[in-house]
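Because only heavy atoms are used, hydrogens play no part in the values below, and waters and symmetry mates are left out as well, while side chains stay in.
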Amino acid sequence: MMDQRGAGPRGGGPQGADEAYTRTKFDLKGFLHLIRQTRPKYWQLWVGLILGFIATGAQLAVPKMAQGIINGLKSGFNSTLLIIAIVLFLGSALINALSGTLLGFFGENIVAKLRQTLWQKLIRLHVSYFDNVKAGEMTSRLVNDSTQIKDLLANAFPQMANSLLQLVGALVIMALMDWKMTLVMIIAIPLVMLVMRPIMRQSSKIGLQRQDALASFNGETGESLGEIRLVKSSNAEDYETTTGYKQINKLYHIGMREAIFDSIASPVMNTLMLAMFIGLLGYAAVRVADGTMSMGTLLSFMMYLFQVIGPVGMLGQFFTTLAKTNGSTQRVQDLLKEPEESFTDGENKSVTNQTVAMEHVDFAYDDDDEPVLHDVNFEAKPNSVVAFAGPSGGGKSTIFSLLERYYAPTDGKITVGGQNVADINLKDWRSQIGFVSQDSAIMAGTIRHNLTYGSNKDYTDDDLWRVLKLAYADQFVHDMPDGLDTQVGERGVKVSGGQRQRLAIARAFLRDPKILMLDEATASLDSESEAMVQKALGELMKGRTTLIIAHRLSTIVDADDIYFIENGHVSGHGAHQELMDKLPLYREYVKIQFKE
């Protein structure tokens, strides 16, 4: 089972579970460092907070003015004080809405930049990272954790600051007015919160549209990360970065609309609660008639109660958000610390007419001491066909993974023209390799999109039809309703296995690689599809250095050189008949595999 690990991701790594990030104390230093990396617009934060404090101060003044108005009714109606109270009330609502909008924009700006940083990082990480971490966990870092950080910055923290000011201010004023009534009202807060609970529950439905957009974003990025080998072998990192940015910008604009809505919803809810409390004044008239409390004092207390209930709930939510954000911050920081592939180091080198070779290569995965390859040596001369044969799990796919530079050898080296490939620019190296696998990856989109995937060049329709014809794929594409613009569905579900293979071969023709690597796909194809695929592969192999993981006897027989791989080691190599004569293991393999 050795080479299977090179072909697909393994289970979640040690940091896959949220419990690994549980902390007893919020890491403020780490959180602030993460935020500074996004270069936020701090003026939005400070202006938003200052406006919030001004609005809170104005709201605290309104109940006291209402008390003066009511108590002064016996000596005459103070219209000036009423106008000032109305202006303060409406002004505070307007300023609060503006504060919420600015803080919302501040948070959305941070989360957009953070997601861009994370997406660019993810798409450039080494394949070994994807082996150890589940795709769902990675998209969770990109979507859920970044949203959690935004919620703390744009919502929880400003609301906490305003809530503390409002809570302390209201309680101090109430205690100075009548400490006994203050004590009674504090006891009554839980009862009033029960009344507010249905309203708070309804407000949670506001984020449905955002959640739908997040789900779409999660699905599209998950597909790209799930086919990370195709992304890298196609040099499509820049394309995926641009595509991801578009999705992030869509979420950014939805988030700005949500920020505006939230900033309007909160003042409206406050107004409704205030109206309810004023309605209760009629019931309290009897107490006022007893002379134990003035009407103005009662009204003032009711209004302050309204200002106390909200902050109490906000403070509880703040500490919950703080705990969640601590884990999110740690996970995001750990991701950003992961090493990534470099596309700037190394020199460009043409591999045309160069010999490709492995020299004493050993390889083991980072988390496993058991070697997958041991002292592997092979040589592929220019324009020759080299086949790799042997039992499943022997290490053939791992050899291909090392050639694509998904991993680096533990020992030994891979050379081209005598030069270590580690010294060649990674993007330039992969641009000269074409890989057609057993289960060729197809991305959601059109046939045109799949043929040109990862390429920076512009192609005409004639260019695309030419490579389709070379791959014996032009006929079935012609028969499709939209031709080159036909949608193939997620992971190419709308095309057959044979058609998918021929599209992958056409894509390889378009890339015009100098080195061709094939993992023959015949087992799952019907005889007609297999014949068409083999004809297309025959055309593709002409004039190229070709490395094949062979599954057909005819491929083995026709190869210039055959390397028999068993248990991660080259047991022998040579032409077919030569190996049949001198290598019993190979002879037994051919007898069992091909019934020869």
Side-chain angles (χ1 to χ4, degrees), residues 1-11 13 121-135 138 223-240 338-346 351 356-358 361-368 370-373 376 378 380 388 393-416 420-441 443 453-454 504 507-508 511 513-519 547-549 565 568:
M1 299 297 292
M2 290 184 181
D3 66 352
Q4 290 177 355
R5 297 178 57 183
R10 296 190 293 278
K121 181 76 177 185
L122 280 170
I123 214 71
R124 287 166 173 77
L125 288 172
H126 293 279
V127 169
S128 57
Y129 179 84
F130 297 88
D131 289 342
N132 292 313
V133 182
K134 295 177 182 177
M138 288 179 274
E223 181 186 37
S224 298
L225 296 176
E227 298 293 353
I228 193 65
R229 285 172 172 78
L230 174 62
V231 173
K232 293 184 177 297
S233 64
S234 302
N235 281 332
E237 286 88 351
D238 291 337
Y239 168 82
E240 290 294 352
E338 288 288 335
E340 60 183 81
E341 293 179 331
S342 172
F343 297 103
T344 56
D345 295 339
V351 300
V356 179
M358 275 190 174
V361 166
D362 295 345
F363 176 72
Y365 289 97
D366 293 336
D367 59 350
D368 194 347
E370 182 183 352
V372 180
L373 298 178
V376 171
F378 82 81
F388 296 92
K396 301 183 295 296
S397 295
T398 303
I399 290 174
F400 274 28
S401 293
L402 292 177
L403 288 170
E404 281 272 21
R405 291 171 66 183
Y406 295 152
Y407 310 94
T410 307
D411 199 8
K413 61 182 179 179
I414 303 170
T415 63
V416 57
N420 194 328
V421 297
D423 299 328
I424 300 175
N425 180 271
L426 182 58
K427 187 177 285 288
D428 180 62
W429 170 253
R430 286 178 178 163
S431 70
Q432 300 181 77
I433 295 176
F435 179 48
V436 181
S437 65
Q438 287 193 50
D439 185 19
S440 295
M443 305 293 276
Y453 183 76
R507 180 167 57 207
R511 288 172 63 87
K514 308 298 187 298
I515 300 171
L516 183 63
M517 300 197 307
L518 304 175
D519 192 347
L547 309 175
I548 305 178
I549 296 177
I565 311 295

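Closest of all the heavy-atom pairs between Asp519 and Ser397 is OD2-OG, 4.2 Å. A pairwise comparison of heavy atoms in Tyr365 and Thr398 identifies OH-OG1, 4.2 Å as the closest pair. Shortest non-hydrogen contact noted between Pro371 and Ala364 is CA-CB, 3.9 Å. Taking both residues in full, the closest heavy atoms of Pro513 and Ile433 are given as CB-C, 3.6 Å, listed atom of the first, atom of the second, then distance. Residues Pro409 and Gly412 come closest through the heavy atom pair CB-O, 4.1 Å. What you find for Leu547 and Phe388 is that their closest heavy atoms are CB-CE1, 4.1 Å.
Between atom NZ of residue Lys413 and atom CG of residue Asn420 there is a gap of 6.0 Å, rounded to the nearest 0.5 Å. Separation of atoms CD1 (Ile548) and CE (Met517) is listed at 12.0 Å; rounding is to 0.5 Å. Here the OG1-CG distance, from Thr415 to Asp423, works out to 11.0 Å after rounding to the nearest 0.5 Å. The distance from the OG atom of Ser234 to the CD atom of Glu240 is 9.5 Å, given to the nearest 0.5 Å. In this structure, Gln432 CD and Arg511 CZ are separated by 10.0 Å, a value rounded to the nearest 0.5 Å. Expressed to the nearest 0.5 Å, how far OG of Ser224 lies from CE of Met443 amounts to 4.0 Å.
Between Val231 and Tyr453, some side-chain heavy-atom pair lies under the 4.5 Å cut-off. Within the 4.5 Å cutoff, the side chain of Ile123 has heavy atoms near those of the Ile228 side chain. Counting heavy atoms from C-beta outward, Glu341 and Arg405 have side chains that stay 4.5 Å or more apart. At least one side-chain heavy atom of Phe343 sits less than 4.5 Å from a side-chain heavy atom of Arg430. Between Leu402 and Leu373 there is a side-chain heavy-atom pair separated by less than 4.5 Å. Residues Glu404 and Val127 fail the side-chain proximity criterion, which asks for heavy atoms closer than 4.5 Å. Contact of the Lys427 side chain with the Asp238 side chain is registered, since non-hydrogen atoms from C-beta on lie closer than 4.5 Å. You'll find the side chain of Trp429 reaches within 4.5 Å of the side chain of Ile515, heavy atoms only.
A donor-acceptor pair is defined here as one N or O able to donate and one able to accept, closer than 3.5 Å; no such pair exists between the side chain of Ser401 and the backbone of Tyr406. At least one donor-acceptor pair under 3.5 Å links the side chain of Asn425 to the backbone N or O of Asp345. Proximity of a side-chain donor or acceptor of Asp362 to a complementary backbone N or O of Thr410 within less than 3.5 Å is not detected.
Ion pairing between Arg229 and Asp131 holds under the 4.0 Å rule for side-chain N and carboxylate O.
Using bins of under 30°, 30° to 60° and over 60° for the plane-to-plane angle, the ring pair Tyr407/Phe363 lands in the tilted bin.
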